[in-house]
Number of protein chains: 2
Amino acid sequence: MPGRERRSRLIDIIRLRGFAALDELVRELGVSESTIRRDLDALEEQGTARRTHGGVLYAGGLPRIAEFDEKQPANWEAKRTIAAATAKIIDDEETVLLDGGTTTYEVARLLAGRSLQVVTNSMPVANLFASESRTDLILLGGFVSPRTGVCLGPYTNELLSRLHVTTTVLSAAGISKQGLFNAQLLLAETEQAMLRAAGKVIVVADSSKFGRKSLTLVSGLEAIDIVVSDSGLSKEWQQTILDAGPRLILADIPAEDIDSVATDATAANTNMAP
Amino acid sequence: MPGRERRSRLIDIIRLRGFAALDELVRELGVSESTIRRDLDALEEQGTARRTHGGVLYAGGLPRIAEFDEKQPANWEAKRTIAAATAKIIDDEETVLLDGGTTTYEVARLLAGRSLQVVTNSMPVANLFASESRTDLILLGGFVSPRTGVCLGPYTNELLSRLHVTTTVLSAAGISKQGLFNAQLLLAETEQAMLRAAGKVIVVADSSKFGRKSLTLVSGLEAIDIVVSDSGLSKEWQQTILDAGPRLILADIPAEDIDSVATDATAANTNMAP
DNA sequence: CAGCAGACGATCGAATGCAATCAAATAATG
DNA sequence: CATTATTTGATTGCATTCGATCGTCTGCTG
């Protein structure tokens, strides 16, 4: 095989799999280890790949969504337990509308593979379901915001106006007595459209969000059916939410071990408030 | 540090970077190599990570689209040169509508980072542009086909009916004297909608596609402005296409070295047919 | 045809990573 | 408080991978 073609196939293999072991490549391309090594060195040189002990990583890969690249997503642990508690109250065969945001993304991860219909305007979320044959995915189109990877704008809203779902999972930049706040004007409009399409409305927000306002008011608390947060939420806020109408679910930081946290919706101890 | 927190941070680090070397983790978490190994074994057990020699890969990540996972996409080399030739005839500041398919995906890769407006119904394509601030991205929503990752159905088509673009890049399962064929009924409808939204229509198809029919006729040849293929296309077909109206561009397998193939749109020698 | 350059494959010592084992530290339990 | 699990860290022998070197093959050029 001519070197050009080999290296070309090499790139393809690496790009496709994200990672390839060296002996794997030796077998598949039918050349010696030395040759593969030399090719890999060249690829690393030019920046297409990154070598590791025993393999290569693709380096020219997909650019990542900025929001998901932060070093330490704020209150990560809390968000994960909230996500686990939320996934638990969603039943199979439902039609679920998922908002963008890191918390809803965690919810989505836990829902992946379940038998559901999922509607979303978030590309990161959609990617989780795109190849899941057990989950039907409806993507809301529109203008894609580069920072967050969510679809926005009039097209998105109009598509939403024709849909109806059983459950909507919304995120929020802040929650005050007046209701839900969001930091982006266009997104607020889209979330309002989501509320109109919704049956049951679930809002996921870690305790740091309460008492914080943001750019625009999305809706009042009375439009929300369930609020899921973590146990760090003060008694006062718990009462405020309950008085305004929504049910409140507080997810505890679980005491279980690593297995349940990462993979299992049963990880969180959910405390139903009265 | 309690084990729970350490493992949690471990997941975060791995998820964030996609890959982490073992000694890296030892340093950053300040625990012994043995401990990291054990944690990693647990993560692998539960499927969150995949171990390699000297490191870990994140496994809970994005599931991949089936069509892009084939071992050897047919005529890969040809598709890439076609893509390079196509990217060359698209100017900055245009509004480009990109169809799904592996060839259009290659075109998309070459367009990423350029100053364009891109409209697409393909999630793999959209992912390439999602975080590119220099490229505006409009995603056509709709029902997502799990195998190909493209949006289909009435919502998609209706959204298309309200858009107009300067250039449309279409793929095809087959091209005969009657015109463009496609293998999926719903996709054919969507592609027809794309043609209605189009200014200039470019069809990308490697030479093996010619003379092949498929499930449904999408459109006649007269609706096409430019056909881009590879130099393997027979004289007869070249004449057939030209007689029917479209301009024809044949991309040669380039003689350059590996750099230009992987990164540069200038790789292909494009031969204009008269 | 001779000479030369580049690509390839094989080999080997050095470096690195791996799994298993055991002892110490820490946490849980009665 | 004593005992028992669990978790962690260190050690050891073994397997894998690495990079460098060298000889061979191929194709080009004069």
Once you round it to whole Å, what is the distance between [atom2] of [N] and [atom1] of [X]?
X	N	atom1	atom2	result
A:R27	D:dT17	CZ	C1'	15 Å
B:E33	C:dC18	CD	P	7 Å
A:I36	C:dC8	CD1	P	10 Å
B:D39	D:dT7	CG	C1'	10 Å
B:L22	D:dG9	CG	P	13 Å
B:E24	C:dG17	CD	C1'	15 Å

> What pair of heavy atoms forms the shortest contact from B:L128 to B:A112, and how long is it?
Replying inline: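 Scanning both residues, the minimum pair turns out to be O-CB, 4.2 Å.
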
> For the residue pair B:T120 and B:D99, what are the closest heavy atoms and their distance?
Replying inline: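 Shortest heavy-atom contact: OG1-O, 4.4 Å.
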
Does [X] make a side-chain N or O approach to OP1 or OP2 of [N] shorter than 4.0 Å?
X	N	answer
A:R6	C:dA7	no
B:R38	C:dT21	no
A:R37	D:dA20	no
A:T35	C:dG9	yes

> Which one, C:dG9, D:dT17, D:dG9, comes nearest to the side chain of A:V31?
Replying inline: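 Of C:dG9, D:dT17, D:dG9, C:dG9 is nearest to the side chain of A:V31.
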
> Is it true that B:R38 and B:D41 have a side-chain N and a carboxylate O under 4.0 angstrom from each other?
Replying inline: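 So B:R38 does not pair with B:D41 through a salt bridge.
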
>> I'd like to know if A:S34 reaches the base of C:dA10 with its side chain such that a donor and an acceptor end up less than 3.5 angstrom apart.
In response: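 Answer is yes: a donor-acceptor pair is held.
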
